[in-house]
S.K.: 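Submitted below is the structure of interest, expressed as structure tokens.
All ligand and atom numbering here is 1-based and tracks the order in the structure. Note that the structure is a prediction, hence the values are computed from the model and not measured.
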Amino acid sequence: MQFSDRMDTIPEYVVARLNRAIAEARARGVDVISLGIGDPDLPPDPRLRERLALEVQRDDAARYPTNHGEPALREAVADYYQRRFGVSLDPATEVLPLLGAKEGLAHLATAILDPGSLSLIADPGYPVYAGGPLMAGAASLPLPLLPENGYQPDLGAVSAEAAAQARLLIVGYPNNPTGAIARPGLFGELGAFANQHGIVLCHDNAYADLVYDGEPAPSALADPSFRAHGIEILSLSKSYSIPGWRIAFAVGNPEVIATLQRLKTQIDSGMFPALQRTATWLLGQTDIAGPPLATYRARRDLACTRLGEIGMPVAPPAGAMYLWVPVPTNESSLAFADRVFEQAAVAVTPGNAYGAAGEGFVRMALTIPEDRLAEAIERIGAIL
Ligand SMILES: Cc1ncc(COP(=O)(O)O)c(C=O)c1O
């Protein structure tokens with residue numbers, strides 16, 4: 001059998017690798033505590049499940065959908081953006097359903113990049129920011145997000161040559177894995193940069209509803225210069241604890257939306273109609289609770305305190321559902337994560353899985369109950 005040369009460049013996704021290691025250890029009877037995967041553990045609002053069950057019963061729920069999505073769904077997304085972010089969207093041309101943000105991010109790279117072109121990507125960042133360009137045969141240039149810059153990109157550090165070669169730039173706030181939120185003015189700066197260099201911008205807004213204190217997270221599209229040059233990807237996975245349902249949207253610049261849609265007509269046949277209708281209903285509700293913020297906050301605070309006690313101090317993140325923890329020994333991120341897995345049976349993700357600037361950190365997801373979180377930290381403390 002022969003496979004494409006491209007596949008030699010494409011590693012197994014970090015979570016897939018971790019899931020396999022966890023499953024193997026559990027099959028051997030090991031009590032693994034997983035802090036590795038940002039998979040909301042609390043069930044969605046029961047009304048959401050009831051609604052989906054109802055929609056599945058409709059005869060036409062089994063028919064082929066279209067990539068463009070039902071008009072009512074696109075209208076519901078536009079209404080939601082107006083209400084939630086004060087951003088007005090044309091439902092006909094500025095909204096596209098995605099089978100999860102991951103799908104959209106991966107295909108966006110194929111829609112925009114050629115071999116030899118360049119994508120500027122947040123580093124550390126969601127691994128698909130790098131995986132998408134790899135699949136398109138294009139290159140990525142990391143935009144390092146460093147603690148001393150509050151995990152914000154420094155556009156001034158991008159060389160003139162790289163800026164000229166770049167076609168796409170991807171960032172996401174509240175940020176996975178650092179938990180940082182976008183600094184004021186960032187989206188406007190990105191818009192000016194894109195305008196100067198002819199770059200398409202993408203803001204990955206997967207954690208829009210996961211900000212612990214202060215102002216809710218904005219949409220990048222609220223900035224007119226960003227909006228002129230880019231799109232935002234909004235996922236419902238974390239906001240409503242429904243990651244398995246695969247519901248997200250690309251919204252914004254109509255040219256980018258139309259190009260992504262054309263590509264997707266060759267790949268998938270659109271979102272399951274029952275999910276489209278459930279999402280249409282959900283986006284119109286104002287009394288369905290968002291993510292369990294109080295639960296995540298309590299876990300965050302407990303974990304930060306306990307980590308400090310074992311000699312792994314970490315600042316509480318402002319958003320998202322992860323702790324971005326400095327490695328407390330002189331091991332690499334991977335060596336430390338492997339040792340924690342082997343010796344403490346706790347799964348954490350090595351920071352370098354999110355990019356080179358993630359070296360020196362591990363990510364811990366706050367998606368397990370407090371008692372198990374406390375136990376995981378105690379186990380790590382015992383092997384330091
Ligand atoms: C920053 C970021 N973007 C996108 C996603 C994927 O979202 P979805 O479930 O909609 O594919 C995740 C999931 O962890 C994420 O952390």
Side-chain angles (χ1 to χ4, degrees), residues 13-19 34-41 44 48 69 77 96-109 119 121-133 142-143 145 151 153 168-182 201-211 217 219-220 231-251 260 264 267-268 271-272 275-276 278-279 282-283 290-291 296 317-324 347-349 351 353-355 357-358 361 363-367:
Y13 193 66
V14 57
V15 165
R17 201 169 56 230
L18 202 61
N19 275 338
S34 178
L35 308 179
I37 299 150
D39 183 8
D41 58 318
L48 257 172
V77 174
L96 178 67
L98 301 172
L99 309 183
K102 187 177 189 182
E103 177 268 305
L105 287 161
H107 289 137
L108 182 67
S119 183
I121 57 169
D123 174 6
Y126 182 57
V128 178
Y129 303 166
L143 294 171
L145 309 183
Y151 299 113
L168 177 64
L169 184 154
I170 306 181
V171 295
Y173 292 95
N175 181 257
N176 172 14
T178 68
I181 54 177
L201 299 171
C202 175
H203 179 240
D204 175 13
N205 208 350
Y207 298 92
D209 293 320
L210 271 145
V211 173
S219 163
I231 63 163
E232 178 160 272
I233 294 186
L234 183 86
S235 168
L236 302 192
S237 292
K238 316 287 167 144
S239 288
Y240 296 101
S241 301
I242 49 171
W245 290 15
R246 318 304 303 130
I247 306 177
F249 306 96
V251 296
L260 183 57
K264 278 168 59 60
I267 296 171
D268 64 73
M271 189 187 292
F272 177 29
L275 284 173
Q276 292 198 45
T278 304
L282 167 62
L283 291 168
Y296 288 137
M321 46 202 242
Y322 309 103
L323 299 183
W324 188 232
V348 298
T349 16
Y354 303 92
F361 294 83
R363 193 194 77 168
M364 299 182 183
L366 299 169
T367 46

S.K.: Given 3.5 Å as the limit, does a donor-acceptor pair link the side chain of His203 with the main chain of Tyr173, or not?
M.R.: yes
S.K.: What distance separates Asp123 CG from Leu143 CG, expressed to the nearest 0.5 Å?
M.R.: 8.5 Å
S.K.: Whether the side chain of Thr278 engages the backbone of Leu48 through a donor-acceptor N/O pair (distance < 3.5 Å, no angle test) should be reported.
M.R.: no
S.K.: Note every protein N or O atom lying under 3.5 Å from an N or O atom of ligand 1, pairing the names and giving the distance.
M.R.:
{"from": "ligand 1", "atom 1": "3 (N)", "to": "Asp204", "atom 2": "OD1", "distance (Å)": "3.3"}
{"from": "ligand 1", "atom 1": "3 (N)", "to": "Asp204", "atom 2": "OD2", "distance (Å)": "2.6"}
{"from": "ligand 1", "atom 1": "9 (O)", "to": "Ser237", "atom 2": "OG", "distance (Å)": "2.6"}
{"from": "ligand 1", "atom 1": "9 (O)", "to": "Arg246", "atom 2": "NH1", "distance (Å)": "2.8"}
{"from": "ligand 1", "atom 1": "10 (O)", "to": "Ala101", "atom 2": "N", "distance (Å)": "2.7"}
{"from": "ligand 1", "atom 1": "10 (O)", "to": "Ser235", "atom 2": "OG", "distance (Å)": "2.7"}
{"from": "ligand 1", "atom 1": "10 (O)", "to": "Ser237", "atom 2": "OG", "distance (Å)": "3.3"}
{"from": "ligand 1", "atom 1": "11 (O)", "to": "Ala101", "atom 2": "N", "distance (Å)": "3.1"}
{"from": "ligand 1", "atom 1": "11 (O)", "to": "Lys102", "atom 2": "N", "distance (Å)": "2.9"}
{"from": "ligand 1", "atom 1": "11 (O)", "to": "Arg246", "atom 2": "NH2", "distance (Å)": "2.7"}
{"from": "ligand 1", "atom 1": "14 (O)", "to": "Tyr207", "atom 2": "OH", "distance (Å)": "3.3"}
{"from": "ligand 1", "atom 1": "14 (O)", "to": "Lys238", "atom 2": "NZ", "distance (Å)": "2.8"}
{"from": "ligand 1", "atom 1": "16 (O)", "to": "Asn176", "atom 2": "ND2", "distance (Å)": "2.7"}
{"from": "ligand 1", "atom 1": "16 (O)", "to": "Tyr207", "atom 2": "OH", "distance (Å)": "2.6"}

S.K.: Report the residues that fulfil side-chain hydrogen bond (donor to acceptor under 3.5 Å, both in side chains) with Ser237, sequence neighbours left out, ordered by chain and then residue number.
M.R.: Ser235
S.K.: Cationic tip of Lys102 within the cone over Tyr13's six-membered ring, i.e. under 6.0 Å and within 45° of the normal?
M.R.: yes
S.K.: When you compare the side chains of Tyr354 and Thr349, does any donor N or O come within less than 3.5 Å of an acceptor on the partner?
M.R.: yes
